[in-house]
Amino acid sequence: MNLKQTMERKDIIDFKALEKELQAALSADEKYKRENAAKLRAVEQKVASYEEFRSIVLASHLKPLEREARTGGRRAVAWNCHTTQTGTSQDETTEISQEKTLFQPETSAEFYRDWRRHLRSGPERYQALLRLGGPKLGHLFRTDVGFGLLGELLVALADHVRPADRLVVLGILHSLASTGRFTLNLSLLSRAERESCRGLFQKLQATSAPRPTKEGLSQKERGLEEQPGGIQEEERLLQELLGLYKVD
């Protein structure tokens with residue numbers, strides 16, 4: 001095979017792979033819109049409890065049974081065809097591993113899809129949040145954080161936060177607090193998620209090292225204290241977030 005033929009082969013577009021990727025993105029987008037619409041309906045109906053609200057949203061994908069299905073006119077089939085498979089192929093395992101490493105969503109729907117599908121463990125989720133950072137997360141969720149997702153993000157941060165990551169985590173929390181409907185999503189946290197949120201801020205407060213007084217600092221050190229991103233600004237940000245997240 002000559003050089004020209006090799007280059008032509010590389011230029012061939014894999015339409016099957018593109019179609020698969022498009023279908024996955026469309027499916028994730030539809031899921032996000034469906035659950036968001038259910039969330040708004042539940043708020044308008046003024047449901048009595050969080051559990052009732054959660055049930056409405058989680059059941060948003062269900063459709064009424066057709067007459068034949070109710071009367072047994074159609075043969076029942078497995079609701080999840082993947083449960084009949086005996087295992088996962090090596091290619092699928094490799095693909096999932098690559099998804100975890102290359103977690104770079106460009107939309108909130110892509111984040112929601114990959115977060116639920118590929119990032120199952122707490123450490124994986126925590127590292128993914130650190131890699132994305134506050135500005136990227138704020139951009140992805142500028143309209144709204146998907147139903148139930150805020151609590152999952154807080155749990156992942158609370159369970160794995162490290163002193164060395166303190167400033168990055170504060171930035172993530174600040175960006176999430178700037179997203180659309182943040183107050184509503186915060187009010188819908190479960191009791192366990194609220195406890196995780198409280199525990200997260202306790203850890204962040206505990207990692208605040210005692211600082212010397214102004215009198216004990218040199219002129220150069222005082223300048224560093226007051227620079228953007230300095231110690232004082234970091235502590236002010238923490239106090240601001242305590243109020244935004246309504247931590248007692």
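Bear in mind the structure is a predicted one, so any value in this text is a computation, not a measurement.
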- Message: Apply side-chain contact (heavy atoms from CB on, under 4.5 Å) to residues T107 and Y112 and explain how you reach the verdict.
- Response: CA-CA 9 Å; T107 65; Y112 188 89; over 6 Å; no
- Item | CA sep, side-chain torsions, deciding dist, call: H139, R142, side-chain contact (heavy atoms from CB on, under 4.5 Å) | CA-CA 5 Å; H139 175 73; R142 59 189 179 278; 3.3 Å; yes
- Message: Applying side-chain contact (heavy atoms from CB on, under 4.5 Å) to Y245 and L176, what does each step give before you reach the verdict?
- Response: CA-CA 10 Å; Y245 283 83; L176 292 176; 3.5 Å; yes
- Query: Hey, mind stepping through R162 and L130 against side-chain contact (heavy atoms from CB on, under 4.5 Å) and telling me if it holds?
  - Reply: CA-CA 11 Å; R162 299 174 301 183; L130 293 187; 4.2 Å; yes
- Query: Stepwise, does the side chain to side chain donor-acceptor pair (under 3.5 Å) test hold for E124 with S121?
  - Reply: CA-CA 5 Å; E124 289 173 346; S121 72; 3.2 Å; yes
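Distance CG/D165 to CG/L129: 11.0 Å, rounded to 0.5 Å. Distance NZ/K136 to CZ/F111: 11.0 Å, rounded to 0.5 Å. To the nearest 0.5 Å, atoms CG (L167) and CD (E233) are separated by 9.0 Å. L200 contributes atom CG, which lies 5.5 Å from atom CG of L173 (distance to the nearest 0.5 angstrom).
Between the S178 side chain and the H174 main chain, a donor and an acceptor come within less than 3.5 Å of each other. Remark: the backbone N or O of V161 is not paired with any side-chain donor or acceptor of K203 at under 3.5 angstrom. A donor-acceptor distance shorter than 3.5 angstrom exists from the side chain of S187 to the backbone of L184, with no hydrogens or angles considered. With hydrogens and angles ignored, the 3.5 Å screen pairs no side-chain donor or acceptor of R166 with any backbone N or O of P163. Within the 3.5 Å criterion, the main-chain N or O of G138 finds no donor-acceptor partner in the side chain of S175.
Considering L238, L242, L244 as possible partners of E240, the one that fulfils the side-chain contact (heavy atoms from CB on, under 4.5 Å) test is L244. Each of L150, V155, L153 was checked for a side-chain contact (heavy atoms from CB on, under 4.5 Å) with E193, and the lone residue meeting it is V155.
Side-chain contact between L149 and N185 is absent, with no heavy-atom pair separated by less than 4.5 Å. Using a 4.5 Å heavy-atom threshold, the side chains of L157 and S196 count as separate. With contacts defined as side-chain heavy-atom distances shorter than 4.5 Å, the pair R125/E152 qualifies. Here the side chains of T143 and S108 are not in contact, with every heavy-atom distance at 4.5 Å or above. Using a 4.5 Å heavy-atom threshold, the side chains of R191 and R194 count as separate. Side-chain contact between V169 and Y126 is present, with at least one heavy-atom pair separated by less than 4.5 Å. Taking 4.5 Å as the limit, every side-chain heavy atom of R181 sits out of range of all side-chain heavy atoms of V145.
Between R117 and D114 there is no salt bridge, since no side-chain nitrogen of the basic residue lies less than 4.0 Å from a carboxylate oxygen of the acidic one.
D144 and G180 make their closest contact through OD1-O, 3.4 Å (heavy atoms, listed as atom of the first residue, atom of the second, distance). Residues I172 and G133 share a closest heavy-atom pair of CG1-C, 4.0 Å. In terms of heavy-atom proximity, L140 sits nearest to P105 at CD2-O, 3.7 Å.
Aromatic ring centres of F182 and F141: separated by at least 6.0 Å.
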